[in-house]
Amino acid sequence: MAKIPMTTPLVEMDGDEMTRIIWKMIKDILITPYVDLKSKYYDLGLENRNATNDQVTIDSAEATKKYGVAVKCATITPNAARMTEYDLKEMWKSPNGTIRAILDGTVFRSPIIVKGITPYIPTWKKPITIARHAYGDVYKNTEMVVKGGSKAELLVTNADGTTEKSLIHDFKGDGVIQGMHNLDSSIGSFARACFNYALDLKQDIWFATKDTISKKYDHTFKDIFQEIFDNEYKEKFEEAGIEYFYTLIDDAVARVVRSEGGYIWACKNYDGDVMSDMIATAFGSLAMMTSVLVSPDGIYEYEAAHGTVQRHYYKHLKGEETSTNSVATLFAWTGALKKRGELDGISDLCDFADKLEKATITTIEEGVMTGDLYLLSTLENKKKVNTEEFLLAVNERLKAIL
């Protein structure tokens, strides 16, 4: 069969370690044999980020704004150990944090459900989608180590030159401080993205923060959400037969555990980071989670919502066999190709992406899976395969579907 043509490139952001190996396998086995792939390639591997002083990350985000759709491999956010391992110039910030700050918007993460893998929460029957704000908070923080005897103050210089100060703490002993910020405009974009997504899925949406403790920061989120909902979305939600409500995050956690799923849970940036991992793990695996960043301008960035699988990468370097789950990375590619097809009016590209997802699910449900799912699956006739064998098995079923 002739390869499916593309008209507009998508932005391709390569990554690190085992997911970088998988990235190439997916392209070679499941994408380029079928699609005349057009992409603007950016190497976000840690070595290249270090060599370019992280400019490559900024460039990739700007390219995403230009072309509208991106697909991103998992990347390393360096810690002290990585500084030595990669001989880094500095401890570069999270690439995801940098990209999200430039694009603005909301990350939507949802579990991929397959037959044979039962959620750890027995009441969960439907996917739970986490809507994670993609700007600010600890990901854009400023922090300092403070010596005893210091006094830390929050200082704001107003546009007219006047200042406002608030005491943070009088340090009798050593400690640390952290400054966070957010923007009303970004919170508003977050709210609208959540409400629009809820209308698209026709699902209820919850929003949860800790406004009883954070009476200005978190309360601002709560107020902006409510104002936008009341003024712009209330009637639309009533017509769609869906609900929006706000609750404290403590209460939200209790509600989630007792629920059957089938709704969107909106969280601030850090809360969404943690809760999406919790949801993914409780449904089965971090490698069975879709993730897409949607900006208020209609820009889309698809990614795998897990790390670079460092342990498997070290085994791979020794020539040892690995059985690494590639589903989240694969679904990042299908999501990006599908959206590119939708925006460019290429139905064949959308159809191909749908069939590739179906072939992937079918492979697992027929008992062929990587080691992480093999340990979880209740299927009787199941077979553990290595990283490449799984993708080849998906390709067999894809050929049959096509």
Side-chain angles (χ1 to χ4, degrees), residues 10-35 37 39-52 56-57 60 70-79 81-82 85-88 92 94-96 99 112 280 285-291 301-337 356-357 359-360 363-364 368-375 383-396 398:
L10 53 79
V11 175
E12 178 185 348
M13 305 173 183
D14 210 345
D16 287 299
E17 297 187 322
M18 198 62 210
T19 45
R20 186 183 182 97
I21 305 299
I22 290 171
W23 191 263
K24 186 176 187 305
M25 285 185 185
I26 289 172
K27 286 177 65 179
D28 291 347
I29 297 171
L30 295 169
I31 306 294
T32 55
Y34 304 99
V35 177
L37 183 64
S39 73
K40 296 293 181 180
Y41 178 85
Y42 292 86
D43 182 1
L44 267 58
L46 187 51
E47 294 98 333
N48 196 45
R49 279 183 275 144
N50 190 58
T52 63
V56 66
T57 307
S60 70
V71 57
K72 180 183 174 295
C73 184
T75 47
I76 294 169
T77 299
N79 56 16
R82 298 293 201 171
E85 181 182 356
Y86 284 88
D87 191 23
L88 301 180
W92 304 109
S94 159
N96 289 339
I99 293 164
I112 302 164
S285 171
L286 283 170
M288 298 291 287
M289 193 85 164
T290 64
S291 181
E301 184 234 346
Y302 295 82
E303 62 175 352
H306 58 69
T308 57
V309 203
Q310 180 184 17
R311 181 172 58 85
H312 285 201
Y313 179 60
Y314 290 159
K315 288 181 66 176
H316 172 80
L317 290 179
K318 293 177 184 176
E320 298 176 13
E321 185 176 276
T322 64
S323 184
T324 316
N325 193 333
S326 54
V327 173
T329 305
L330 182 48
F331 270 60
W333 271 103
T334 56
L337 290 172
L356 180 49
E357 289 181 359
T360 305
T363 302
I364 298 168
V368 181
M369 62 195 75
T370 49
D372 62 324
L373 299 185
Y374 182 86
L375 295 172
K383 177 185 177 184
K384 176 185 171 182
V385 295
N386 67 32
T387 307
E388 185 175 12
E389 286 170 345
F390 176 75
L391 294 172
L392 292 171
V394 172
N395 193 37
E396 288 178 13
L398 177 62

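- Two residues are said to be in side-chain contact when any heavy atoms from C-beta on lie closer than 4.5 Å; Asn96 and Lys72 meet this criterion.
- Glu396 places no side-chain N or O within 3.5 Å of a backbone atom of Ala393 that could act as its donor or acceptor partner.
- Looking at Thr308, its side chain never comes within 3.5 Å of a backbone N or O of Met18 through a donor-acceptor pair.
- The nearest pair of heavy atoms linking Thr322 to His316 is CG2-N, 4.0 Å.
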Step by step, would you call Gln310 with Arg82 a side-chain contact (heavy atoms from CB on, under 4.5 Å)? CA-CA 11 Å; Gln310 180 184 17; Arg82 298 293 201 171; 3.3 Å; yes
Decide yes or no on side-chain contact (heavy atoms from CB on, under 4.5 Å) for Glu12 and Trp23, but give the supporting numbers first. CA-CA 10 Å; Glu12 178 185 348; Trp23 191 263; 3.0 Å; yes
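- Inter-residue side-chain proximity for Glu47 and Asn50 is flagged as unmet; no heavy-atom pair is nearer than 4.5 Å.
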side-chain hydrogen bond (donor to acceptor under 3.5 Å, both in side chains) between Asp14 and Tyr41, worked out: CA-CA 7 Å; Asp14 210 345; Tyr41 178 85; 2.7 Å; yes
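- Counting all heavy atoms, side chain and backbone alike, Ala70 lies closest to Ala336 at O-CB, 4.0 Å.
- A donor and an acceptor atom, one from each side chain of His312 and Thr324, are located under 3.5 Å apart.
- Side-chain contact between Pro95 and Thr77 is present, with at least one heavy-atom pair separated by less than 4.5 Å.
- A pairwise comparison of heavy atoms in Ala359 and Val394 identifies CB-O, 3.9 Å as the closest pair.
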Mind running side-chain contact (heavy atoms from CB on, under 4.5 Å) on Glu17 and Val309 for me, showing each step along the way? CA-CA 7 Å; Glu17 297 187 322; Val309 203; over 6 Å; no
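- The minimum heavy-atom distance linking Tyr314 with Glu85 is given by the pair OH-OE2, 2.7 Å.
- No side-chain heavy atom of Val35 sits under 4.5 Å from any side-chain heavy atom of Trp333.
- Of the residues listed (Leu30, Ile29, Ile22), the one engaging Ser326 in a side-chain contact (heavy atoms from CB on, under 4.5 Å) is Ile22, and it is the only one.
- Considering only residues two or more places apart in sequence or on other chains, Glu303 meets the salt bridge (charged side-chain N to carboxylate O under 4.0 Å, His left out) condition with Arg100, Arg109.
- With contacts defined as side-chain heavy-atom distances shorter than 4.5 Å, the pair Leu391/Ile26 qualifies.
- You'll find the side chain of Lys383 stays beyond 4.5 Å of the side chain of Met369, heavy atoms only.
- The main-chain N or O of Asp43 is found under 3.5 Å from a side-chain atom of Asn48 such that the two form a donor-acceptor pair.
- Remark: Tyr34 pairs with Phe352 by the ring-ring contact (aromatic ring centres under 6.0 Å, His included) rule, at least two apart or across chains.
- His306 is not listed as a side-chain neighbour of Asn325, based on a closest heavy-atom distance of 4.5 Å or more.
- More than 12 heavy atoms of other shown residues, nucleotides or ligands fall within 6.0 angstrom of atom NZ in Lys315.
- Between Gly307 and Ala74, the closest heavy-atom pair is O-CB, 3.5 Å.
- Shortest non-hydrogen contact noted between Gly371 and Ser323 is N-OG, 2.8 Å.
- The backbone N or O of Asp372 sits nowhere less than 3.5 Å from a side-chain atom of Thr370 that would complete a donor-acceptor pair.
- Between Met13 and Ile99 there is a side-chain heavy-atom pair separated by less than 4.5 Å.
- Asp16 places a side-chain N or O within 3.5 Å of a backbone atom of Ile76 that can act as its donor or acceptor partner.
- Thr363 places no side-chain N or O within 3.5 Å of a backbone atom of Val368 that could act as its donor or acceptor partner.
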For the pair Thr75 and Trp92, evaluate side-chain contact (heavy atoms from CB on, under 4.5 Å) and give the outcome as yes or no after the intermediate values. CA-CA 12 Å; Thr75 47; Trp92 304 109; over 6 Å; no
